[in-house]
Amino acid sequence: MSFSIGPHEITVPALLAPMSGVTDLPFRRQAQRLGAGMVISEMVASDALARGRRDMVRKAAADASLEPRVIQLAGREAHWIGEGARIAEQAGAEIVDINMGCPARQVTKGLSGSALMRDLDHAMTLIEAAVSAVDIPVTLKMRLGWDHDSLNAPELAQRAEGAGVKMITVHGRTRQQFYKGVADWSAVRAVRDAINLPLVVNGDIETTEQARLALEKSGADAVMIGRAAQGRPWLVGEIGAALQGTPRPNRWSIKIEALQAEFDEALEFYGEGLGIRMMRKHFASFADGECGHMEADRLRQIRTLLCRSLDPSAVRETLAKLLDYPPHLDRAAA
Ligand SMILES: Cc1cc2nc3c(=O)[nH]c(=O)nc-3n(C[C@H](O)[C@H](O)[C@H](O)COP(=O)(O)O)c2cc1C
């Protein structure tokens with residue numbers, strides 16, 4: 001089930017989606033350590049990166065522990081995408097991904113993200129600028145189209161392949177759907193039929209069964225998992241291993257240790273105040289998604305502490321305590 005992106009062989013067919021505000025470096029490190037086939041940075045605004053804006057430079061940091069190091073760029077002008085790609089490559093990126101899928105109004109009103117799917121000639125100028133600016137592979141992430149009357153992902157993918165793009169990811173929704181309805185994995189098959197590149201299917205994949213179905217319906221080479229991985233840095237690797245026929249469900253202790261490591265790294269990466277706040281959405285998702293076996297009062301206490309405390313040692317203590325409440329000590333068993 002492996003495939004290549006230029007010189008990089010991807011052996012695990014499950015990738016972590018780029019998510020602004022979520023897939024920061026501390027989170028990506030855990031996801032990769034726990035077996036994700038590839039992890040992609042949060043989107044980096046190419047013009048802001050080129051101007052040296054600090055938050056974008058931090059997001060574009062290429063970390064030696066990641067393999068391959070993938071930086072995603074967003075933008076609306078060929079010049080800035082080219083500049084952004086060049087800077088990312090210089091900073092150590094091994095793959096540049098271009099974002100043509102983001103539906104957020106803030107992004108599309110600036111004519112980037114999925115708004116680029118409304119004008120493929122213009123979109124192609126960005127792709128060509130990135131490909132010609134760097135020696136590393138360029139990949140592309142998109143939706144099915146702007147709306148259901150313009151499902152032009154196959155055309156964009158085919159033209160991108162012609163321009164030298166090395167992998168295509170398709171989220172099985174249109175921009176106008178935002179996150180409503182369900183992702184249409186079958187609709188991604190039209191992209192499969194249009195290109196000979198590695199294809200990744202994305203949208204609403206949370207379990208191995210869904211991943212199998214998404215691969216079957218779309219004909220893609222790999223799945224990409226986003227929201228379901230928040231608070232669960234082990235999930236992508238776990239699904240990837242199962243798809244490869246070597247399932248290895250992670251023990252409770254491995255999950256808690258991953259959150260502990262992510263917390264420590266977040267504090268180091270952002271500094272204490274911001275780091276503790278950045279972890280809250282991960283802790284909230286973890287508590288809501290993984291702690292249903294706990295007695296309600298205890299869970300409420302733990303969730304409140306993890307998501308409100310500004311004291312790192314209190315958070316560390318709570319995480320250490322969590323090790324004592326594995327799922328087999330659940331209410332049903334009591
Ligand atoms: C909070 C959030 C931030 C996101 N940021 C990005 C981004 O920076 N770049 C991008 O290409 N997609 C972004 N996405 C879209 C995801 O990569 C993915 O395509 C989408 O969530 C569907 O996959 P899922 O159902 O597995 O979450 C974001 C999604 C969410 C929920």
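In each ligand, atom 1 is the first atom listed, and ligand 1 is the first ligand listed. Side-chain atoms are counted along with the backbone in the values below, which use heavy atoms only and exclude waters and symmetry mates. The structure presented is a predicted model; accordingly, all values stated were derived computationally and were not measured.
- Nearest to atom 22 (C) of ligand 1 by heavy-atom distance, out of Thr23, Leu15, Thr169, Asn202, is Asn202.
- Residue Arg227 approaches ligand 1 through these ligand atoms, each under 4.0 Å from one of its heavy atoms: 21 (O), 24 (P), 25 (O), 26 (O), 27 (O), 31 (C).
- Heavy-atom proximity to atom 8 (O) of ligand 1, evaluated over Gly113, Ser20, Ala17, is greatest for Ser20.
- By the 3.5 Å distance cut-off applied to N or O atoms, Gly226 is counted among the residues near ligand 1.
- Scanning the protein for heavy atoms near atom 12 (N) of ligand 1, the closest one is Lys141 NZ, 3.0 Å.
- Ranked by closest heavy atom to atom 11 (O) of ligand 1, the top entry among Gln72, Met100, Met43, Glu42 is Gln72.
- For the pair Leu322 and Met294, the tightest heavy-atom approach, listed with the atom from each and the gap, is CD2-CE, 3.2 Å.
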Pair up each side-chain donor or acceptor in residues 2-15 with any protein partner under 3.5 Å, not counting sequence neighbours, and list the distances.
{"residue": "Ser2", "atom": "OG", "partner": "Glu9", "partner atom": "OE2", "Å": "3.0"}

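- Remark: Arg248 is not positioned above the aromatic ring of Trp234, lacking an NZ or CZ atom under 6.0 angstrom from the ring centre and at most 45 degrees off the axis.
- Residues Arg303 and Asp288 are paired through a salt bridge, judged by an N-O separation under 4.0 Å between the basic side chain and the carboxylate.
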- Would you please test Asp135 and Glu89 for side-chain contact (heavy atoms from CB on, under 4.5 Å) and show each step? CA-CA 8 Å; Asp135 292 325; Glu89 181 183 36; 3.6 Å; yes
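- Inclusion of Pro18 in the set of residues having an N or O under 3.5 Å from an N or O of ligand 1 is warranted.
- For Arg54 and Tyr270, the positive end is not near the middle of the six-membered ring at less than 6.0 Å and at most 45° from its axis.
- Of all atoms in ligand 1, numbered sequentially from 1 with element shown, those under 4.0 Å from a heavy atom of Asp204 are 24 (P), 25 (O), 26 (O).
- Atom 28 (C) of ligand 1 has as its closest protein heavy atom Tyr179 OH, 3.6 Å.
- For Ala36 against Val236, the heavy-atom pair with the smallest separation is CB-CG1, 3.7 Å.
- You'll find the side chain of Ser41 stays beyond 4.5 Å of the side chain of Leu25, heavy atoms only.
- With a 4.0 Å heavy-atom cut-off, ligand 1 is reached by the side chain of His171 but not by its N, CA, C or O.
- At a 4.0 Å cut-off, at least one heavy atom of Gly203 sits close enough to ligand 1 to count as contact.
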